[in-house]
Amino acid sequence: MRSASLLHLVKRSTKQEADTIIHNSIRVQRASTGQKEHILSNMTDRQQRTERAMGEAMYQMAMSLPDDVGDYIPFSYMVEQEDRREKQLDELSEEERVLLKELCSFFDFDHMCSKTIKREAEVFRAKKIIEELELNVNFPVLAYGETFLNQSINHSLDMVTMLIQMGADVNAENQMMAECALDGLLEEEDNKGTLSDEKKAMKKLLLSKGAKTPEERWMDKADEVSQMNRGRT
């Protein structure tokens with residue numbers, strides 16, 4: 001959930017001003033100062049479409065706020081999710097915690113970048129742990145509210161495939177940046193101009209299972225809020 005102060009600022013602005021506020025306050029904040037001008041002037045067509053869709057969704061969200069909304073939300077969505085996560089983890093036994101820690105270690109970024117890991121064996125082991133814990137694979141147990149599927153694109157096609165078979169939602173967003181597994185592949189494709197054969201296969205698989213682009217998801221959110229607002233009038 002975006003901060004109420006940003007949404008309130010957008011609410012007091014015209015549509016054109018709101019787009020500028022959202023663009024500069026959200027997208028550009030992802031980068032360091034030295035990268036901001038580069039991002040603003042070098043977006044791909046896909047990224048620009050996503051920005052417009054995100055701006056529309058944020059504008060609709062802002063218009064749904066009451067005029068007297070405060071400058072902040074004391075209990076954000078992320079805080080609530082973190083509390084929920086901690087509560088569920090507290091219910092695990094010591095043995096289950098050990099297994100979960102082992103599972104999470106497979107999705108550590110530095111680990112996945114290593115050329116020496118036994119990826120096939122890890123996929124097999126990960127599946128066994130998920131089954132033993134009866135784990136909801138969409139549960140954002142990883143750091144920053146990441147899902148296993150989002151991180152698995154850096155592991156292997158077999159890991160992506162296994163997680164989907166185990167019930168992973170291809171449109172599940174992480175809690176930090178509201179991004180999905182497909183988003184990471186699209187960003188890499190934009191940055192490098194292409195994908196490896198394995199990642200092309202991941203992209204094809206995710207799309208075949210109904211994965212939506214960031215633009216499509218933001219448009220869905222804008223439509224959902226717009227319909228909700230019309231229902232109030």
Side-chain angles (χ1 to χ4, degrees), residues 1-31 35-36 38-66 69 73 76-81 138 140 144-147 149-153 164 168-191 195 199 202-233:
M1 179 179 291
R2 306 296 180 184
S3 66
S5 57
L6 173 61
L7 293 179
H8 195 45
L9 180 60
V10 172
K11 185 175 177 64
R12 297 196 301 267
S13 309
T14 66
K15 182 65 171 66
Q16 184 176 4
E17 291 170 339
D19 287 341
T20 300
I21 291 168
I22 292 165
H23 180 81
N24 290 326
S25 297
I26 301 174
R27 176 69 181 184
V28 182
Q29 284 182 5
R30 295 185 184 183
Q35 294 174 310
K36 289 183 180 180
H38 176 76
I39 287 179
L40 289 172
S41 61
N42 292 279
M43 285 186 178
T44 65
D45 289 342
R46 182 194 67 79
Q47 290 169 333
Q48 291 178 24
R49 292 195 305 272
T50 298
E51 290 298 308
R52 288 193 291 270
M54 182 173 69
E56 177 61 27
M58 291 295 293
Y59 186 73
Q60 293 295 340
M61 290 169 64
M63 293 303 100
S64 70
L65 293 173
V69 67
I73 298 177
S76 70
Y77 173 77
M78 284 189 64
V79 172
E80 292 173 0
Q81 290 297 305
N138 295 306
Y144 307 112
E146 280 288 4
T147 66
L149 185 61
N150 281 12
Q151 291 294 85
S152 68
I153 63 171
I164 291 175
D169 180 357
V170 295
N171 289 307
E173 299 176 339
N174 63 24
Q175 293 176 1
M176 182 64 72
M177 300 303 300
E179 293 176 338
C180 297
L182 179 62
D183 301 15
L185 295 172
L186 294 176
E187 286 287 343
E188 182 173 336
E189 191 172 34
D190 284 341
N191 293 334
L195 293 170
K199 289 196 172 182
M202 291 180 191
K203 178 182 174 182
K204 182 178 180 180
L205 174 62
L206 290 168
L207 289 171
S208 73
K209 297 299 182 179
K212 294 184 177 182
T213 65
E215 178 188 4
E216 290 172 328
R217 297 198 314 277
W218 279 112
M219 289 175 65
D220 287 347
K221 293 171 185 175
D223 289 342
E224 181 181 350
V225 178
S226 179
Q227 291 174 15
M228 180 180 67
N229 290 340
R230 286 197 298 269
R232 291 174 176 173
T233 59

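Just so it is clear, the values below take in all heavy atoms, side chains as well, and ignore hydrogens, waters and symmetry mates. Not measured: the values here are computed from a predicted model.
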What distance do Met202 atom CE and Ser152 atom OG have between them, rounded to the nearest 0.5 Å?
-> 6.5 Å
Any donor-acceptor pair under 3.5 Å from Asn191 side chain to Glu188 backbone | no
Minimum heavy-atom distance between Pro214 and Leu186, given as atom pair plus value = CD-CD1, 3.8 Å
Can you measure from CG (Leu149) to CG (Asn174) and round to the nearest 0.5 angstrom?
-> 11.5 Å
Say you draw a straight line from CG of Leu185 to CD of Glu187; how long is it, rounded to the nearest 0.5 Å?
-> 10.5 Å
Identify which one of Leu206, Leu182, Leu205 satisfies the side chain to side chain contact (heavy atoms under 4.5 Å, CB included) criterion when paired with Val170.
-> Leu206
Considering residues at least two apart in sequence or located in another chain, which fulfil the salt bridge (charged side-chain N to carboxylate O under 4.0 Å, His left out) criterion with Asp169?
-> none
Distance, nearest 0.5 Å, that separates CD of Glu179 from CG of Asn150 | 8.0 Å
Donor-acceptor under 3.5 Å (Arg217 side chain, Ala178 main chain) | yes
Minimum heavy-atom separation for Cys180 to Ala172, with atom names?
-> SG-O, 3.4 Å
Note: Pro140 and Gly145 closest approach over all heavy atoms is CB-O, 3.5 Å
Residue pairs, two or more places apart or on separate chains, that pass side-chain hydrogen bond (donor to acceptor under 3.5 Å, both in side chains) and touch residues 202-211 = Glu189-Lys203
